[in-house]
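The block underneath contains the structure these notes are about, expressed in structure tokens.
What you are looking at is a predicted structure, and each value in this text was computed from that prediction instead of being measured. Each chain gets a letter, A, B and so on, in the order its sequence line appears, and its residues count up from 1.
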Amino acid sequence: MRIGELARRTGISERALRYYEEQGLLRPARRPSGYRDYDEGAVDTVRDIRTLLAAGLPTALIAELLPCMVNGTAGLAPGCPELVPYLEKERDRISAAIDDLARTRSLLNAIIAATPPENPNPPVCDREPAVELATR
DNA sequence: ATTCTTACA
DNA sequence: TGTAAGGA
């Protein structure tokens, strides 16, 4: 099938599918026309790629692990025990990131909590804002 | 009509 | 990642 059909059947944009190929996650054949030609298995492969990306794995690692993954009753799983350490390493990296953000949040909370009580008479900011505050 | 590559108000 | 441009 061509990229359009795969995009439809997976719900993934053609842009993303081409990106996955660029990252070595998909290797579709090419037609004489230059059009990419995906086999049926590509549908499942894309699903697995989405799963792994959602799990926070970097594309470089996904490219290496993907061919070794299998589908057990519990879903996508490592094909052999040797892969587990790689997954655990990523999990630890994510845990560390969560901890970092938690610390950042605490700091921000402290700043917010330090807000002065309601002022009887209006504003005290005499300076003009250095930049426009984005309205998002 | 589809897809391809390249590039970025 | 979206999207526009310019070709096949």
Side-chain angles (χ1 to χ4, degrees):
Chain A
M1 74 186 91
R2 293 175 308 189
I3 196 170
E5 186 183 335
L6 182 61
R8 251 189 324 90
R9 296 181 23 177
T10 59
I12 302 303
S13 70
E14 298 182 8
R15 176 73 160 85
L17 293 176
R18 295 193 183 97
Y19 176 70
Y20 294 162
E21 176 180 0
E22 188 177 277
Q23 297 302 299
L25 277 36
L26 289 174
R27 351 204 39 113
R30 290 284 182 151
R31 295 183 177 181
S33 59
Y35 288 9
R36 272 164 269 249
D37 199 359
Y38 301 89
D39 53 62
E40 285 304 310
V43 177
D44 288 322
T45 301
V46 171
R47 175 178 46 62
D48 292 343
I49 290 173
R50 295 301 293 192
T51 297
L52 264 14
L53 285 175
L57 303 192
T59 60
L61 182 60
I62 295 178
E64 296 181 39
L65 265 37
L66 202 51
C68 307
M69 299 298 278
V70 299
N71 280 294
T73 53
L76 189 58
C80 62
E82 292 72 63
L83 305 182
V84 177
Y86 291 98
L87 299 173
E88 293 178 325
K89 182 179 178 184
E90 291 307 314
R91 181 195 54 190
D92 294 344
R93 175 179 60 70
I94 293 170
S95 293
I98 289 175
D99 292 345
D100 277 9
L101 281 173
R103 273 187 278 278
T104 298
R105 179 176 57 187
S106 292
L107 256 13
L108 184 53
N109 273 332
I111 292 174
I112 293 173
T115 303
E118 196 52 80
N119 196 315
N121 38 338
V124 285
C125 289
D126 52 333
R127 284 167 303 172
E128 287 298 310
V131 298
E132 288 304 320
L133 275 48
T135 40
R136 181 175 46 171

Within [range]: residues closer than 4.0 Å to DNA chain B (heavy atoms):
range: residues 19-27 of chain A; value: none
range: residues 28-36 of chain A; value: A:R30, A:G34, A:Y35, A:R36
range: residues 52-62 of chain A; value: none

- [ ] Kindly give the cluster partners of A:L108, where membership spreads through any ILVMFWY side chain lying under 4.5 Å from a current member.
- [x]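 Under the 4.5 Å side-chain rule, A:L108 groups with A:I112.
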Rounded to the nearest angstrom, tell me the gap between atom [atom1] in [X] and atom [atom2] in [N].
X: A:Y38; N: B:dT3; atom1: OH; atom2: C1'; value: 10 Å
X: A:L6; N: B:dT2; atom1: CG; atom2: C1'; value: 15 Å
X: A:R15; N: B:dC4; atom1: CZ; atom2: P; value: 13 Å
X: A:E14; N: B:dA1; atom1: CD; atom2: C1'; value: 12 Å

Task: Euclidean distance for P, C:dG6 against B:dT2 (whole angstrom) - done: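 The answer is 22 Å between these two P atoms.
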Which atom pairs, one a donor and one an acceptor, fall under 3.5 Å between side chains of residues 41-49 of chain A and the rest of the protein, sequence neighbours left out?
residue: A:D44; atom: OD1; partner: A:R47; partner atom: NH2; Å: 3.3
residue: A:T45; atom: OG1; partner: A:G41; partner atom: O; Å: 3.1

Task: Heavy-atom closest pair, residues A:A55 and A:I94 - done: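 Heavy atoms only, the tightest pair is O-CD1, 3.5 Å.
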TODO: Any chance you could measure A:L17, atom CG, to A:I3, atom CD1, to the nearest 0.5 Å?
DONE: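 So the gap between those two atoms works out to 5.0 Å.
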Task: Residue A:R18, side-chain heavy atoms: nucleotide from B:dC8, B:dT5, B:dT2 that is nearest - done: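 Closest nucleotide to the A:R18 side chain: B:dT5.
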What donor-acceptor contacts under 3.5 angstrom involve side-chain atoms of residues 59-75 of chain A, with partners at least two apart or in another chain?
residue: A:T59; atom: OG1; partner: A:Q23; partner atom: OE1; Å: 3.2

TODO: Using a strict 4.0 Å threshold on nitrogen-to-oxygen distance, state whether A:E14 and A:R36 make a salt bridge.
DONE: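 Salt bridge flag = no for A:R36 with A:E14.
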Open item on the list: Looking at A:E22 and A:R18, is there a salt bridge between them, counting it only when a charged N and a carboxylate O are closer than 4.0 Å?
Closed with: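 Here A:R18 does not pair with A:E22 in a salt bridge, since their nearest N and O are not under 4.0 Å apart.
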TODO: Note every stem involving DNA chain B: at least three consecutive Watson-Crick or G-U wobble pairs, i with j then i+1 with j-1, with both distances under 3.5 Å.
DONE: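 Stem segments, range with range: B:4-8 with C:2-6.
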Task: More than 12 heavy atoms of other groups within 6.0 Å of A:R8 CZ - done: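 Buried by this count: over 12 neighbours within 6.0 Å.
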- [ ] Give the intermediate values and the outcome of side-chain hydrogen bond (donor to acceptor under 3.5 Å, both in side chains) for residues A:Y20 and A:R50.
- [x] CA-CA 10 Å; A:Y20 294 162; A:R50 295 301 293 192; 2.7 Å; yes
Task: Those residues that, when tested against A:R91, pass side-chain hydrogen bond (donor to acceptor under 3.5 Å, both in side chains) (two or more places apart) - done: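 Residues passing side-chain hydrogen bond (donor to acceptor under 3.5 Å, both in side chains) with A:R91: none at all.
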Open item on the list: Under the rule for side-chain hydrogen bond (donor to acceptor under 3.5 Å, both in side chains), what residues qualify as partners of A:R93, not counting sequence neighbours?
Closed with: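 Here the qualifying residues are A:E90.
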Task: Covered region of DNA chain C, 5' end to 3' end, by chain A [heavy atoms, under 4.0 Å] - done: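 The footprint of chain A covers C:dT1 to C:dA8.
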TODO: Please list, chain by chain and in numerical order, all residues satisfying side-chain contact (heavy atoms from CB on, under 4.5 Å) with A:R2, sequence neighbours excluded.
DONE: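 Listed in chain order: A:R31, A:Y35.
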Open item on the list: Just to verify, what does A:R103 make a side-chain contact (heavy atoms from CB on, under 4.5 Å) with, not counting sequence neighbours?
Closed with: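 Partners of A:R103 by the side-chain contact (heavy atoms from CB on, under 4.5 Å) criterion, ordered by chain and then number, come out as A:D99, A:D100.
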TODO: Measure the shortest side-chain to side-chain distance between A:Y38 and A:L26 over non-hydrogen atoms and say whether it is less than 4.5 angstrom.
DONE: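 With C-beta onward as the side chain, the pair touches.
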TODO: With salt bridge (charged side-chain N to carboxylate O under 4.0 Å, His left out) as the test, would you mind laying out the steps for A:E21 and A:R15 before giving the verdict?
DONE: CA-CA 10 Å; A:E21 176 180 0; A:R15 176 73 160 85; over 6 Å; no
